[in-house]
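Only one structure is covered here, and it is reproduced in the block below.
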2 protein chains.
Amino acid sequence: MARSAAPALDRDRLVGAAFALLEEEGLEGLSMRRLAARLGVQAPALYWHIADKGELLGLMAQDIYAPAYAGVPHAAHWRDWLRGFGHALRATFATHRDGARLCASAPAPRDRDVADHAARIAAPLAALGLDQGRALAFVASVISFALGWASFEANGPMHDYLDEMLDFDESFDIGLKALVSGFADACPGR
Amino acid sequence: MARSAAPALDRDRLVGAAFALLEEEGLEGLSMRRLAARLGVQAPALYWHIADKGELLGLMAQDIYAPAYAGVPHAAHWRDWLRGFGHALRATFATHRDGARLCASAPAPRDRDVADHAARIAAPLAALGLDQGRALAFVASVISFALGWASFEANGPMHDYLDEMLDFDESFDIGLKALVSGFADACPGR
DNA sequence: ATTGACTGTTTAACACTGTTAAGTCAACAT
DNA sequence: ATGTTGACTTAACAGTGTTAAACAGTCAAT
């Protein structure tokens with residue numbers, strides 16, 4: 001069972017190299033052959049460790065989302081948490097080149113338990129007194145906004161267009177604040 | 001100058017066929033060769049009419065955005081206009097298969113006049129009394145939200161995940177309402 | 001010690017992709 | 001009749017994700 005021969009390649013090293021390649025070459029340059037070359041190996045070897053490129057992108061997307069969830073500062077109200085989450089998301093998208101485009105095009109894993117996954121997403125908000133339905137809807141909204149914004153911002157020519165007449169950071173903050181504080185209307189009490 | 005030989009191919013027919021192909025095969029199946037085949041022509045012939053695939057996608061994106069702008073019902077307040085715009089956007093994205101992903105990946109045209117373009121985007125809101133800076137920021141926010149939401153929703157496995165416990169239409173509406181009504185805070189007077 | 005299984009990788013190949021260069025053929029102007 | 005130009009074809013390049021088959025190596029059992 002436990003083999004002693006060092007395989008020299010595993011999922012983690014693979015994903016790590018993929019991120020390094022992404023940083024250097026962008027999403028277009030992230031090809032299986034180049035990734036293999038960087039790992040000193042032939043392309044088909046990668047398929048021993050992952051099913052296809054989609055799975056690789058999925059793993060990378062997970063590694064982009066995870067720190068966003070983890071990096072939300074402690075919050076006393078679910079609205080503060082959502083704002084923190086939004087900013088954390090945007091920050092993570094910005095740290096990895098083409099991060100938003102990657103997350104937008106990465107397929108979600110398909111073997112997971114649905115209810116479990118949803119519960120995990122909604123957990124931080126549920127802990128702050130929000131029912132799961134609203135929690136999911138709000139999180140989905142914030143993710144959509146951050147993802148859409150980052151895609152928008154990452155669109156080269158579009159960026160140059162708006163850069164002269166729009167402060168991206170400030171405008172994102174305005175939009176996020178508006179979105180979250182607007183949730184109050186959809187929420188009884190509080 | 002005016003040739004009488006029917007060229008049989010022009011930009012409009014090209015874009016039209018591209019949309020038909022998109023509907024049938026999805027964004028992945030939208031290749032230059034397949035598009036050419038559908039037009040009864042060889043692939044390189046397309047390059048007589050467009051510079052590259054990016055330009056084709058850009059034209060298609062324009063044809064997706066345009067009816068969204070045109071389809072916003074008359075509004076007395078900029079907030080009503082923004083809500084109408086958001087819904088129109090989502091409707092257009094939904095009309096064309098992979099519409100959101102297409103718009104997210106299509107490059108913006110690069111020869112246009114920046115100020116002019118921005119002015120045109122902000123015009124409907126400016127007419128309702130909003131200064132151009134805020135108008136651009138708000139429109140960008142609504143586009144980002146709708147785009148991100150549609151990308152989110154179009155992500156197959158993710159959709160199946162959330163479909164059981166999330167009403168996409170209703171949740172989008174909640175988010176959009178929240179976003180737009182939240183803009184009031186960023187706005188003096190009104 | 002030899003066999004057999006299993007892991008991890010290689011080589012070769014398939015069916016594609018976007019795109020360019022060069023050639024072709026009709027319609028027009030001179 | 002000649003040349004120009006518009007619109008297209010054929011051939012090709014360099015690259016893509018992915019699969020099948022072959023091949024080392026290392027392990028467990030015989």
Side-chain angles (χ1 to χ4, degrees), chain A residues 1-19 21-22 24-61 98 101-102 104-107 109-110 156-157, chain B residues 1-19 21-22 24-61 98 101-102 104-107 109-110 156-157:
Chain A
M1 213 143 254
R3 300 285 154 130
S4 60
L9 221 62
D10 58 11
R11 275 164 109 92
D12 284 351
R13 266 178 55 82
L14 214 155
V15 174
F19 268 113
L21 186 55
L22 179 71
E24 289 174 17
E25 313 275 1
L27 193 55
E28 268 65 37
L30 179 54
S31 83
M32 299 304 265
R33 285 193 233 272
R34 282 156 94 118
L35 177 56
R38 164 179 281 268
L39 288 161
V41 112
Q42 297 306 111
L46 306 177
Y47 289 85
W48 183 258
H49 304 274
I50 55 170
D52 52 15
K53 190 177 181 179
E55 184 175 354
L56 172 63
L57 295 178
L59 292 172
M60 295 177 77
D98 289 330
R101 273 174 61 209
L102 192 156
S105 67
R110 42 189 168 291
Chain B
M1 213 143 254
R3 300 284 156 132
S4 59
L9 222 62
D10 58 12
R11 274 164 108 94
D12 284 349
R13 268 178 52 82
L14 215 154
V15 174
F19 269 112
L21 186 55
L22 178 71
E24 288 176 17
E25 312 275 2
L27 193 54
E28 269 66 36
L30 179 55
S31 81
M32 299 304 266
R33 282 190 236 270
R34 282 154 94 116
L35 177 55
R38 164 178 281 268
L39 288 162
V41 111
Q42 296 306 112
L46 306 177
Y47 290 86
W48 182 259
H49 304 273
I50 55 170
D52 51 14
K53 190 177 182 180
E55 183 175 356
L56 172 64
L57 295 178
L59 291 171
M60 295 177 77
D98 290 331
R101 274 173 60 209
L102 192 156
S105 67
R110 38 189 172 293

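Each chain gets a letter, A, B and so on, in the order the sequences are listed, and its residues count up from 1.
- Scanning both residues, A:P107 and A:L57, for their nearest heavy atoms gives CD-CB, 4.5 Å.
- Residue contacts for B:L56: at a heavy-atom cut-off of 4.0 Å it reaches no nucleic acid atom on any strand shown.
- Regarding B:D10, its CG atom lies at a distance of 14 Å from the C1' atom of D:dG6, rounded to whole Å.
- The CG atom of A:D52 sits 17 Å away from the P atom of D:dT16 (whole-angstrom rounding).
- Where A:A51 and A:S31 meet DNA chain D, the nucleotide closest to each residue was compared, and A:S31 sits on the side nearer the 5' end.
- As rounded to whole Å, 15 Å separates atom P of C:dG18 from atom CD of B:E55.
- No donor-acceptor contact under 3.5 Å links the side chain of A:R33 to the base of D:dG15.
- Residues from residues 34-48 of chain A that place a heavy atom under 4.0 Å from any atom of DNA chain C, listed by number: A:V41, A:Q42, A:P44, A:A45, A:W48.
- Counting to the nearest Å, the C1' atom of D:dG17 and the CG atom of A:L57 are 12 Å from each other.
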Using a 3.5 Å cut-off and no angle test, enumerate the donor-acceptor pairs between side-chain atoms of residues 31-46 of chain B and protein atoms at least two apart in sequence or in another chain.
unit_1	atom_1	unit_2	atom_2	d
B:S31	OG	B:R34	N	3.2
B:R34	NE	B:G29	O	3.2
B:R34	NH2	B:E25	OE1	3.1
B:R38	NH2	B:E24	OE1	2.7
B:R38	NH2	B:E24	OE2	2.7

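- The salt bridge (charged side-chain N to carboxylate O under 4.0 Å, His left out) pairs that include a residue from residues 46-59 of chain B are B:R11-B:E55, where partners are two or more places apart or lie in different chains.
- As a whole-Å value, the separation of B:I50 CD1 from D:dG6 C1' is 17 Å.
- From A:L30, atom CG reaches atom CG of A:D98 across 9.5 Å, with rounding to the nearest 0.5 Å.
- The distance from atom NZ of B:K53 to atom P of C:dT20 is 14 Å, rounded to the nearest whole Å.
- In this model, the phosphate group of C:dT9 is approached by a side-chain N or O of A:H49 to a distance below 4.0 Å at OP1 or OP2.
- Straight-line distance from the CD atom of B:E28 to the C1' atom of D:dG17: 12 Å, rounded to whole Å.
- Atom CG of B:L27 and atom CG of B:L21 lie 10.0 Å apart (nearest 0.5 Å).
- When all heavy atoms of B:L9 and B:H49 are compared, the closest pair comes out as O-CE1, 3.0 Å.
- Remark: B:R13 pairs with no residue by the side-chain hydrogen bond (donor to acceptor under 3.5 Å, both in side chains) rule, at least two apart or across chains.
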